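As structure tokens, the structure follows; a few thoughts come after it.
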Amino acid sequence: MDKTPLTPLHEWTPTPDKAIALQRELAPRVEREDRIGEVNLIAGVDIGFEQEGAITRAAVVLLDWPSLTLVDHVIYREPTRMPYIPGLLSFREIPAALEAFNKLSATPDLVMVDGQGIAHPRRLGVASHLGLWLDLPTIGVAKSILCGRHDEVPEQRGGWTPLSHRGEVIGAALRSREKVKPIFISSGHRVSLETSLDWVVRCLGRTKLPEPTRLADRLASRRGAMPAASS
DNA sequence: GCGACAG
DNA sequence: ATCTTGTCGC
């Protein structure tokens, strides 16, 4: 495996062409097979914005497995560095996400990210990119598709259909809840698609999004209160 | 050249 | 992503 240090995004705001070149360079380093140990802590990550998008707000929640109890949570704010460009989302969100991660009280064994993993034009969505940086198993949990297509999704909860792009299965459309539009799961780093689906389903409450992502979402967008931390 | 387009 | 209240249905 390539051990070359990754380019530090926090001190570099790339132009679109440079960002794309970096994605092509990093994509081969993403591991799509399982390389995940015992899971006791699962993290959820999401980014929100304030003041017309001028401020980026990163939120990370840490949940205990299997109780799915909130163990810790962090919110980190900083000036927004880059505009949103489809396909280059990681360059806009990762710097803030990493800062939030550094303030976490413990290192998670698995991370669920709001966005695509390898279900990306160059196979390096935000979940994969973040996984490389953290060198942790990550799963992409997206609410809509960036690229790829799929057939009808089974109606029952837990049913899924492969998401394909250019003749390759890059993820899955998952019915996380009956009678609700599916969510899109893809391996981020060090977790296979099958294992990703297992974990997402196991973390589902009676809501559309799995707990890690759902809670990070609430924190990042300033809605509702967080369940009391246990300990 | 014409759409599509994570958050 | 964000602006935003109530409301229909399981």
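Computed from a predicted structure; not experimentally measured. Proteins get letters first, then strands, A, B, ... in listed order; numbering begins at 1 in each.
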- Query: Looking at residues at least two apart in the chain, or sitting in another chain, which of them share a salt bridge (Lys or Arg N to Asp or Glu O under 4.0 Å) with A/E168?
  - Reply: A/R32, A/R123
- For A/R81, enumerate each residue passing the salt bridge (Lys or Arg N to Asp or Glu O under 4.0 Å) test, keeping only those at least two apart in sequence or located in another chain. A/E78
- Task: Treat primed atoms plus P, OP1 and OP2 as sugar-phosphate and everything else as base, then score nucleotides 4-10 of chain C 5' to 3': B for base contact with protein heavy atoms under 4.0 Å, S for sugar-phosphate contact only, - for none.
- Result: ------S
Just to verify, what does [X] make a side-chain hydrogen bond (donor to acceptor under 3.5 Å, both in side chains) with, not counting sequence neighbours?
X      : answer
A/D34  : A/S192, A/T195
A/R77  : A/E50
A/E178 : none

- Got a sec, which pairs hit salt bridge (charged side-chain N to carboxylate O under 4.0 Å, His left out) with one end in residues 89-103 of chain A, sequence neighbours left out? none
- Query: For DNA chain B, which residues in residues 8-19 of chain A have a heavy atom at a distance below 4.0 Å?
  - Reply: none
- Query: Reading DNA chain B 5' to 3', what string of ( ), [ ], | and . shows its pairs, if Watson-Crick and G-U wobble pairs count only when both distances fall under 3.5 Å?
  - Reply: .......
Protein N or O to nucleotides 4-7 of chain B N or O, pairs below 3.5 Å:
residue: B/dA6; atom: OP2; partner: A/Y84; partner atom: OH; Å: 2.6
residue: B/dA6; atom: N7; partner: A/G87; partner atom: N; Å: 3.1
residue: B/dA6; atom: N6; partner: A/G87; partner atom: O; Å: 3.0
residue: B/dA6; atom: N6; partner: A/L88; partner atom: N; Å: 3.4
residue: B/dA6; atom: N6; partner: A/L89; partner atom: N; Å: 3.1
residue: B/dA6; atom: N1; partner: A/V126; partner atom: N; Å: 3.1
residue: B/dA6; atom: N3; partner: A/Q116; partner atom: N; Å: 3.2
residue: B/dG7; atom: OP1; partner: A/K143; partner atom: N; Å: 2.7
residue: B/dG7; atom: OP2; partner: A/S144; partner atom: OG; Å: 2.9

- Quick note, side chain to side chain donor-acceptor pair (under 3.5 Å) partners involving residues 13-22 of chain A, not counting sequence neighbours, are A/T15-A/D17
- Query: Which range-with-range stems can be found for DNA chain C when each stem has 3 or more Watson-Crick or G-U pairs in a row and both distances sit under 3.5 Å?
  - Reply: none
